[in-house]
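Labels below follow one simple rule: chain letters A, B, ... track the order of the sequence lines, proteins then strands, and each chain is numbered from 1. What you see below is based on every heavy atom in this structure, not just the backbone, and it leaves out hydrogens, waters and symmetry mates.
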Amino acid sequence: MTARIGVVTFPGTLDDRDTQRAVRVAGAEAVPLWHRDKDLKQVDAVVLPGGFSYGDYLRAGAISRFSPVMETIIEQAKGGMPVLGICNGFQVLTETHLLPGAMLRNNHLHFVCRDQKLRVETDNTAWTADYSAGQEISVPLKNIDGRYVADERTLDMLEAEGRVAFRYLDVNPNGSLRDIAGISNAAGNVVGLMPHPEHAVEPLVGTGRTDGLGFFTSILKKLVNA
Amino acid sequence: MARVVVDVMLKPEILDPQGQAVQRALPRLGYQGIADVRQGKRFELEVEGPVDEAALARIHELAETFLANTVIEDFVVKVEESVAAGESK
């Protein structure tokens, strides 16, 4: 038996298909979830993919946060279900306050689309166990609201607790504080990041490398061994 | 119907690159002497029924949980004068 990983589609989601494919490439079963459906179809974990849910109206992720599917996801994430938020999914997770801080317009006001070098800062989360702490990876990055901000006290707490999961290397593409590309919650089951690991799981496309596959093999191993 | 206005602004310590871009454009347009611009959002809520304490408390809650993200934004709730019946606006 393999793990069932749900991938949520909101109106305006773009990367649900790529995310489902990445889940399958890793060897798990991808289960499409619909934003208006509270039922999570007994999945073992959930990915909130990238895109522009609800047109980014009000704030990126602000309206999705109140969708029926998120009610169940928030409840189950608090109970330990693994949740990964990629790009718009990360924005949704900060709006739900499952992850601290907030995302704002890039400091240079331009849309960014590039291959981005990252350092995986911790292997101590449900989604990064297959990496080693300090490992450098390269995955696509594409956003306009990617600037991670939080107050100094929160940033210090994240650093002290080892919850800065990914940091930008070489270039800080959006003005994120302390070069933060992604973070986790205290328990390590909820992880969010702006770059797109799901676009780097096969050599043919994306960066030409498979550096993003580790997210999906990490969760699969965790769930299968559980 | 009464109108309640919710103004939402980025907190002072949060960098506002959109406001800065507006400010930088001003000299080019011939406007001098404006040292800083901050950009915010204004919501106009047309409220059915009386705007009493309970209604305002609900709007405050709505602003705090939805219209503003209090991690990065502050908000102010103001009651505007009643819009007279038949008035076009």
Structural part of Leu104(A) lying under 4.5 Å from a heavy atom of chain B: side chain
Contact class of Leu58(A) relative to chain B, heavy atoms under 4.5 angstrom: both
Residue pairs involving residues 180-191 of chain A (criterion salt bridge (charged side-chain N to carboxylate O under 4.0 Å, His left out); sequence neighbours excluded):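 Passing the test, one end in residues 180-191 of chain A: no pairs.
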Scan the chain B/chain A interface and emit each donor-acceptor pair under 3.5 angstrom with its distance.
residue  : atom : partner   : partner atom : Å
Leu15(B) : O    : Arg147(A) : NH1          : 3.3
Leu15(B) : O    : Arg147(A) : NH2          : 3.1
Lys41(B) : NZ   : Leu58(A)  : O            : 2.6
Phe66(B) : O    : Arg59(A)  : NH1          : 3.1
Phe66(B) : O    : Arg59(A)  : NH2          : 2.9
Leu67(B) : O    : Arg59(A)  : NH1          : 2.9
Asn69(B) : ND2  : Glu95(A)  : OE2          : 3.3

Largest heavy-atom contact set with chain B, pairs under 4.5 Å, which of Ala102(A), Gly175(A), Pro100(A), Ala150(A):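 Going by pairs under 4.5 Å, I would pick Ala102(A).
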Region of Leu15(B) in contact with chain A, defined by heavy-atom distances below 4.5 Å: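 Both backbone and side chain of Leu15(B) come within 4.5 Å of chain A.
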Atom group of Phe43(B) that falls short of 4.5 Å from chain A, counting heavy atoms: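 Contact with chain A: side chain only.
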